[in-house]
Number of protein chains: 2
Amino acid sequence: MNVVMFVRDNGGEAALCRESLRETRKKELKEEIFLQALRMFKERGYENVTVEEITAACGIAKGTFYNYFPRKEHILLHLGQVKRALFDEAIARYSGVTDVRQRLKLIFGHVMSQSDLEPDLMKVTILEILRSWLLVEQEWQLMTEFEQQLTPLFAEAIAIGQVSPRSNPRELASVLVGIYLHALFAWLTKPEQGDKVELFNAHLDMMWDGMKKEGGAYGA
Amino acid sequence: MNVVMFVRDNGGEAALCRESLRETRKKELKEEIFLQALRMFKERGYENVTVEEITAACGIAKGTFYNYFPRKEHILLHLGQVKRALFDEAIARYSGVTDVRQRLKLIFGHVMSQSDLEPDLMKVTILEILRSWLLVEQEWQLMTEFEQQLTPLFAEAIAIGQVSPRSNPRELASVLVGIYLHALFAWLTKPEQGDKVELFNAHLDMMWDGMKKEGGAYGA
DNA sequence: GTCACTAAATGAACGTGGTCATGTTTGTAA
DNA sequence: TTACAAACATGACCACGTTCATTTAGTGAC
């Protein structure tokens with residue numbers, strides 16, 4: 001039997017607040033499982049790492065994994081949460097940029113350049129995020145949250161006259177998320193064709209200016 | 001042991017061309033497996049139907065399934081091929097429509113309204129198509145083919161001055177596929193918010209005209 | 001310390017997708 | 001007819017994700 005006591009550096013707290021020994025152990029073990037799994041996924045690929053190997057690396061039994069993550073793929077969804085945090089951060093950081101198109105480029109550039117997984121791990125992560133978006137009924141969903149966070153930004157852009165008022169902010173946000181997703185997909189399938197941030201920027205420009213040939217010479 | 005001889009109505013051909021007996025049998029059994037599987041997926045959902053149940057319904061052994069489809073999910077990819085055929089058909093059918101934006105609406109409208117699966121089956125199918133796009137190295141890929149088929153259409157649109165020449169046709173096609181995918185996703189996650197064809201049309205218009213506020217009153 | 005209570009850990013067992021060694025059928029050629 | 005090879009079918013078997021009845025151990029009351 002494996003005996004692993006994660007006493008760590010917070011033993012003092014245990015005496016202070018009730019349940020803390022159990023609860024901190026719980027949080028720490030979840031993090032431990034997550035980190036070990038991530039490390040192994042990076043080294044050998046998601047499909048090639050078994051739950052049993054992850055638990056062995058943590059010194060726990062196979063069944064224990066499922067006390068912390070309902071499914072193997074929830075490790076990847078947990079990763080998605082990191083992206084969400086980055087998104088929040090970026091929106092706050094660039095809220096002062098007055099040109100909305102530029103602000104969007106900065107926001108997405110931040111999200112894309114920070115969370116740099118290996119492309120292969122990124123692929124399975126995105127697929128799992130999409131799968132849970134489509135197949136799992138749940139209160140929150142990463143994609144929906146992205147939309148919700150972008151909506152006020154478009155409302156503002158319409159209000160200050162940088163975006164045409166003919167579409168509603170929510171729909172604009174939704175389409176932009178689509179552009180983002182597709183740029184990611186396009187880059188993941190052909191990474192040799194340039195940087196993913198530049199690809200997204202190009203698609204955003206296309207979206208912003210429109211495809212149609214404008215009358216006469218078209219502006220900037 | 002199950003003895004199932006699919007002699008069918010083409011026994012005559014067998015005498016005519018060599019190998020035909022074997023080959024037609026092969027095609028027919030593949031089709032039989034496909035149809036039985038599809039029926040069961042529709043009735044009970046993809047995840048709730050086992051390969052063994054499919055083969056039992058066809059009167060064959062489990063292992064035989066894998067002589068016809070390398071994986072369970074290839075049933076769904078086979079479904080994707082139907083969509084591809086629809087796409088070909090639609091491009092040919094509407095090649096005479098001179099307004100390119102209108103033509104695109106007709107093409108995608110055709111594809112979307114014809115292949116009407118239950119949304120749930122559509123979800124797993126799209127996810128498998130995306131998974132194979134991202135994870136399987138293969139010569140052809142549905143998404144890539146869509147792009148390739150749309151590219152000359154955009155080249156033409158640029159040539160006749162309906163689309164701004166500032167982007168290249170391939171990139172325009174790529175972005176349009178993204179719009180299509182995202183419209184599908186948006187509809188699948190919230191089907192109550194209207195028809196999927198109208199949703200795509202709205203997004204196409206947005207893409208075509210652009211988001212930005214144009215100087216003065218914006219045209220048609 | 002002891003006891004009852006409960007959260008957490010455990011690993012055997014299960015279900016299912018996928019493999020493989022083996023057996024069988026079919027087409028071909030002597 | 002017979003011999004042979006290739007295609008095809010078979011189901012026991014395996015690997016891995018997931019479940020669950022049982023055991024272990026933290027906790028609070030006395």
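We use all heavy atoms of the structure for the numbers below, so side chains are in, but hydrogens, waters and symmetry mates are not. Letters go in sequence order (proteins before strands), and every chain restarts at 1.
Going from atom CD of A:E28 over to atom P of C:dA8 covers 14 Å, rounded to whole Å. Rounding to whole angstrom units, NZ of residue B:K27 and C1' of D:dA7 are separated by 16 Å. The CG-P distance, from B:L29 to D:dC8, rounds to 10 Å in whole Å. Distance NZ (A:K26) to P (C:dT6): 16 Å, rounded to an integer number of Å. Regarding B:K30, its NZ atom lies at a distance of 16 Å from the P atom of D:dA7, rounded to whole Å. We find that CD1 of A:I60 is positioned 15 Å from C1' of D:dT24, with the value rounded to whole Å.
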Table please: side-chain donor-acceptor pairs of residues 66-73 of chain A below 3.5 Å, with sequence neighbours left out.
unit_1	atom_1	unit_2	atom_2	d
A:K72	NZ	A:Y46	O	3.0
A:K72	NZ	A:V49	O	2.8

Return a table of donor-acceptor pairs under 3.5 angstrom between the side chains of residues 199-206 of chain B and protein atoms on other chains or two or more places apart.
unit_1	atom_1	unit_2	atom_2	d
B:D205	OD1	B:R101	NH1	2.7
B:D205	OD1	B:K105	NZ	3.0
B:D205	OD2	B:K105	NZ	3.1

Side-chain atoms of residues 174-184 of chain B: list all donor-acceptor pairs with protein atoms under 3.5 Å, sequence neighbours left out, distances to 0.1 Å.
unit_1	atom_1	unit_2	atom_2	d
B:S174	OG	A:H182	NE2	3.0
B:H182	NE2	A:S174	O	2.6
B:H182	NE2	A:S174	OG	3.0

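Side-chain proximity of A:K62 to the nucleotides D:dG11, D:dT18, C:dT10 is greatest for D:dT18.
Under the 4.5 Å side-chain criterion, counting only non-hydrogen atoms from C-beta, B:L153 is in contact with B:I107.
Interface residues of residues 121-131 of chain A facing DNA chain D, ordered by number: none; criterion, heavy-atom separation under 4.0 Å. Shown for residues 40-52 of chain A: no residue has heavy atoms falling under 4.0 angstrom of DNA chain C. For the contact set between residues 65-77 of chain B and DNA chain D, defined by any heavy atom under 4.0 Å, the members are B:N67, B:Y68.
By the side chain to side chain contact (heavy atoms under 4.5 Å, CB included) test, B:V97 pairs with B:Y94, B:Q102, B:R103, B:L106, sequence neighbours left out. Not counting sequence neighbours, the partners of A:E147 by the side-chain hydrogen bond (donor to acceptor under 3.5 Å, both in side chains) test are A:R170. Under the side chain to side chain contact (heavy atoms under 4.5 Å, CB included) criterion, B:T189 pairs with A:W133, A:L134, not counting sequence neighbours. Among residues two or more places apart in sequence or in another chain, the side-chain hydrogen bond (donor to acceptor under 3.5 Å, both in side chains) test is passed with B:H74 by none. For B:F87, the ring pair (Phe, Tyr, Trp, His ring centres under 6.0 Å) test picks out B:F108, B:F146, with sequence neighbours left out. With sequence neighbours excluded, no residue forms a side-chain hydrogen bond (donor to acceptor under 3.5 Å, both in side chains) with A:K123.
Electrostatic pairing of A:E31 and A:K27 does not count as a salt bridge here, judged by no charged N lying under 4.0 Å from a carboxylate O.
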